[in-house]
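Heads up: the structure comes next, in structure tokens.
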Number of protein chains: 2
Amino acid sequence: MDTPLTDQPDDTAPDAEEELRAGMEHLFFAYRDFIARPDRILTEYGFGRAHHRVIFFVGRYPGMAVRQLLDILQITKQSLSRVLRQLIREGYVEQRQGETDRRQRRLYLTRQGIELERRLSEDQRRRFARAYGAAGPDAVHGFRTVLDLMISGPPKGGGGG
Amino acid sequence: MDTPLTDQPDDTAPDAEEELRAGMEHLFFAYRDFIARPDRILTEYGFGRAHHRVIFFVGRYPGMAVRQLLDILQITKQSLSRVLRQLIREGYVEQRQGETDRRQRRLYLTRQGIELERRLSEDQRRRFARAYGAAGPDAVHGFRTVLDLMISGPPKGGGGG
DNA sequence: GCATATATGTCAATAACACTGACATATATT
DNA sequence: AATATATGTCAGTGTTATTGACATATATGC
């Protein structure tokens with residue numbers, strides 16, 4: 001301990017500083033453990049985390065356009081393209097031309113895709129259910145409140161990121 | 001909407017199911033926005049997210065052994081090695097031989113490393129501080145409770161992953 | 001209709017970050 | 001002395017991301 005991190009920042013007391021860092025650390029751990037199991041399942045299919053994200057969001061919002069998915073995932077279309085191509089080729093996702101805007105390729109999970117989604121999210125749902133159940137409704141409400149406040153707004157006026 | 005995700009799982013009501021998935025989605029968004037700014041700063045240095053993780057944990061736990069860092073990050077030593085070598089070579093992290101166990105190379109941030117850590121975590125601390133402040137102490141307590149319940153225990157008896 | 005913008009897709013090259021496997025050294029433990 | 005642990009390195013590979021360039025189909029503004 002020669003140069004500990006207690007130089008005192010501009011406006012934060014050391015205790016608050018510690019509380020913030022503890023929160024950051026635990027968010028890291030929670031996310032790390034949240035994705036560990038799906039990551040392992042995905043290797044069976046030759047898929048990666050990116051495939052899971054697509055499966056998750058298309059499952060949650062069927063008929064989603066590619067553009068929306070890009071905005072959510074915040075990756076380039078080239079990155080998404082390869083992943084999406086694989087998922088379509090192997091029968092987990094299908095595309096249908098948009099009805100009002102025929103440039104769009106709206107995305108849907110196939111039966112097979114729905115099955116994979118269930119399998120991937122099983123551990124995650126159980127993990128959430130256990131934590132929610134053990135913590136109780138008030139804690140869950142607090143959890144969601146803080147989580148939502150931490151999310152940047154849409155990048156219209158420069159969200160906060 | 002031909003095959004919506006309402007097949008009914010084993011033991012969960014559809015509303016609870018929705019609540020869980022909403023939580024999962026928002027955890028994804030929160031984490032995505034949490035790392036966006038540091039990621040951009042890191043490119044200036046030719047570093048990546050892995051460097052940030054090392055900087056963060058070494059800053060938080062000075063004198064940490066390499067083995068501990070590996071357990072926390074849950075990556076292979078080969079992966080850590082490259083990152084750590086860079087950080088040491090460029091003067092952000094230094095190693096000192098352990099006193100009780102001289103096999104260990106204990107890790108410390110240099111002055112330069114501490115500066116970088118501050119810069120990287122600035123947005124993250126502000127983000128947490130804002131969310132904590134706006135949500136209030138009860139919500140923060142609930143947030144931490146749920147987050148902690150979601151983290152797998154140490155992999156002694158098969159933690160939960 | 002023409003110009004332009006949007007939605008989507010693809011090719012090529014590159015980088016970050018993870019992996020496995022193999023091997024080496026120093027030190028600790030039994 | 002044998003074995004285990006802590007650390008490090010070399011080589012090869014795969015996934016996910018990037019940038020840049022270019023192409024097609026469709027929508028929108030004038």
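Worth knowing before you read on, the calculation uses all heavy atoms, side chains too, and leaves out hydrogens, waters and symmetry mates. Residue numbering restarts at 1 for every chain, and letters A, B, ... go by the order of the sequence lines.
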Next item on the list: Describe the nucleic acid contact of A:Arg106 in one word from base, sugar-phosphate, nothing, applying a heavy-atom distance below 4.0 Å.
Entry: nothing

Item checked: Under-4.0 Å side-chain N/O to phosphate OP1/OP2 contact, A:Ser81 with C:dT10 -> yes

Check: Cluster question for you: counting only ILVMFWY and a side-chain heavy-atom cut-off of under 4.5 Å, with indirect links fine, are B:Leu20 and B:Leu149 together?
Finding: no

Margin query: Counting only side-chain heavy atoms from C-beta out, which of C:dT27, C:dC19, C:dG9 sits nearest to B:Thr76?
Written below: C:dC19

Next item on the list: Take the protein atom CD of B:Gln97 and the nucleotide atom P of D:dT7, then report the distance between them rounded to whole Å.
Entry: 11 Å

Check: Is the charged tip of A:Arg127 near the ring of A:Phe34: under 6.0 Å from the six-membered ring centre and within 45° of its axis?
Finding: no

Check: NA contact type, A:Gln95, heavy-atom cut-off 4.0 Å: base, sugar-phosphate, or nothing?
Finding: sugar-phosphate

Check: Which whole-number value in Å describes the distance from A:Gln86 CD to D:dG14 C1'?
Finding: 11 Å

Notebook entry, point to check: How do A:Gly46 and A:Asp101 order along DNA chain D: which one's closest nucleotide is nearer the 5' end?
Noted result: A:Gly46

Note to self: Between P on C:dA16 and CG on B:Asp39, what's the gap in Å once rounded to a whole number?
What the structure shows: 13 Å

Check: Phosphate oxygens OP1/OP2 of D:dT16: is one of them under 4.0 Å from a side-chain N or O of A:Arg82?
Finding: yes

Margin query: Under 4.0 Å from OP1 or OP2 of D:dT18: is there any side-chain N or O of A:Ser79 that close?
Written below: yes

Next item on the list: Please report, rounded to the nearest Å, how far the P atom of C:dC19 is from the CG atom of B:Leu70.
Entry: 10 Å

Next item on the list: Give the rounded distance in Å between these two atoms: CZ of B:Arg32 and P of D:dA17.
Entry: 13 Å

Note to self: Without decimals, in angstroms, what is the distance between B:His52 NE2 and C:dA18 P?
What the structure shows: 14 Å

Item checked: N or O in side chain of B:Arg53 less than 4.0 angstrom from C:dA18 OP1/OP2 -> yes

Notebook entry, point to check: Would you call B:Glu115 and B:Arg119 a salt bridge, taking side-chain N to carboxylate O under 4.0 Å as the test?
Noted result: no

Next item on the list: Please work out whether the ring planes of A:Phe143 and B:Phe143 are parallel, tilted or perpendicular, with thresholds of 30° and 60°.
Entry: parallel

Notebook entry, point to check: Which part of the nucleic acid, if any, lies within contact of B:Thr43, taking any heavy atom under 4.0 Å across all strands shown: a base, the sugar-phosphate backbone alone, or nothing?
Noted result: nothing

Notebook entry, point to check: Rounded to the Å, how far apart are B:Gln68 CD and D:dT7 P?
Noted result: 8 Å

Item checked: First of B:Val83 and B:Gln78 reached from the 5' end of DNA chain C, by closest nucleotide -> B:Val83

Notebook entry, point to check: Would one find a side-chain N or O of B:Arg85 under 4.0 angstrom from OP1 or OP2 of D:dT9?
Noted result: yes

Next item on the list: Could you state the atom-to-atom distance from CG of B:Leu42 to C1' of C:dA16 in whole Å?
Entry: 11 Å

Notebook entry, point to check: Should B:Arg60 and B:Glu117 count as an ion pair when the cut-off is N to O under 4.0 Å?
Noted result: no

Margin query: On the nucleotide C:dC17, are OP1 or OP2 found under 4.0 Å from the side-chain N or O atoms that B:His51 carries?
Written below: yes

Checklist line | Among C:dG9, D:dT7, D:dT16, the one nearest B:Ala65 by side-chain distance | finding: D:dT7

Notebook entry, point to check: In terms of side-chain geometry, is the basic nitrogen of A:Glu17 or A:Arg21 positioned less than 4.0 Å from the acidic oxygen of its partner?
Noted result: yes

Notebook entry, point to check: On DNA chain D, nearest-nucleotide positions of A:Ala50 versus B:Gln104: which is more 5'?
Noted result: B:Gln104

Checklist line | Toward the 5' end of DNA chain C, by each residue's nearest nucleotide, A:Arg103 or A:Lys77 | finding: A:Arg103

